[in-house]
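In what follows, a single structure is set out as structure tokens and then discussed.
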Amino acid sequence: MDGKIWIYIFVAFAVSYLIRVLPLTIFRKPIKNRFVKSFLYYAPYVTLALMTFPAIFESTQVVWSGLVALVAGVVMAYFGAGLPVVAGSCCVIVFLVELIFCR
């Protein structure tokens, strides 16, 4: 196990380094392609969603409480609620659903 940890650390370093260096070396001029610009614009949002979405269901005791909070959060955000309101409301919703169904 001791030898493998260094391989894991090196791979993580290499991936992190390449992600930061390649755009600097490849894109020296301003980007004019609409596809590349939109890809680079939405990439952080997609990455955040991919990291957050599984945690919504795995961090609760019951999958349904996470699903109910997700739907409520999407509806609140759609109608213009801010992040603190959405996050706080989703926490309260998970608490109430698990209080009712996990006795």
Side-chain angles (χ1 to χ4, degrees):
M1 179 69 180
D2 292 328
K4 287 185 177 183
I5 192 73
W6 292 108
I7 295 171
Y8 298 147
I9 291 172
F10 177 75
V11 169
F13 165 77
V15 169
S16 298
Y17 185 75
L18 288 175
I19 288 172
R20 287 167 177 79
V21 170
L22 281 179
L24 293 174
T25 59
I26 292 174
F27 304 117
R28 293 184 184 257
K29 299 177 186 175
I31 300 168
K32 296 184 180 178
N33 187 331
R34 286 179 52 194
F35 176 76
V36 174
K37 284 176 83 170
S38 84
F39 173 79
L40 293 174
Y41 179 79
Y42 288 111
Y45 299 109
V46 171
T47 305
L48 182 62
L50 287 173
M51 292 187 309
T52 306
F53 193 75
I56 292 171
F57 299 110
E58 293 175 2
S59 64
T60 58
Q61 290 181 5
V62 182
V63 175
W64 295 107
S65 61
L67 183 63
V68 170
L70 173 67
V71 170
V74 167
V75 168
M76 285 186 286
Y78 179 77
F79 286 109
L83 180 62
V85 173
V86 172
S89 300
C90 289
C91 291
V92 170
I93 290 170
V94 167
F95 176 74
L96 292 175
V97 170
E98 290 186 358
L99 185 68
I100 293 169
F101 292 110
C102 295
R103 289 186 177 203

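Keep in mind it's a predicted model, so treat the numbers as computed, not measured. Sequence positions, counted from 1, serve as the residue numbers for this chain. Keep in mind that the numbers below use all heavy atoms, side chains included, and drop hydrogens, waters and symmetry copies.
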Among the clusters formed by ILVMFWY side chains lying less than 4.5 Å apart, do V11 and Y8 turn up in the same one? no

V86 side chain near C90 side chain, heavy-atom distance below 4.5 Å: yes

Look at the aromatic rings of F57 and F53 and report parallel, tilted or perpendicular, splitting at 30° and 60°. perpendicular

Enter the distance from I56:CD1 to S59:OG here, rounded to the nearest 0.5 Å. 8.0 Å

Rounded to the nearest 0.5 Å, what's the gap from OG1 on T47 to OH on Y42? Could you check? 14.0 Å

For the side chain of E98 and the backbone of Q61, is there at least one donor-acceptor N/O pair under 3.5 Å apart? yes

Enter the distance from Y45:OH to L50:CG here, rounded to the nearest 0.5 Å. 15.0 Å

What about V94 and V71, same hydrophobic cluster or not, with Ile/Leu/Val/Met/Phe/Trp/Tyr joined at side-chain heavy-atom distances under 4.5 Å? no

When you measure from the side chain of T52 to the backbone of A49, do you find a donor-acceptor pair of N or O atoms at a distance under 3.5 Å? no

Give the minimum heavy-atom separation between S65 and T60, together with the two atoms involved. OG-CB, 3.3 Å

Hydrophobic cluster membership, with links at side-chain heavy-atom distances under 4.5 Å among I/L/V/M/F/W/Y: are V36 and Y41 in one? no

Do I31 and F39 sit in one hydrophobic cluster, given that two such residues count as connected whenever their side-chain heavy atoms are within less than 4.5 Å of each other, even indirectly? yes

Do V62 and L96 belong together in a cluster built from hydrophobic side chains that touch within less than 4.5 Å? no

CG (N33) and CG (L40) are apart, to the nearest 0.5 Å, by 10.0 Å

Measure the spacing between CD1 of I100 and CZ of F95 and express it to the nearest 0.5 Å. 10.0 Å

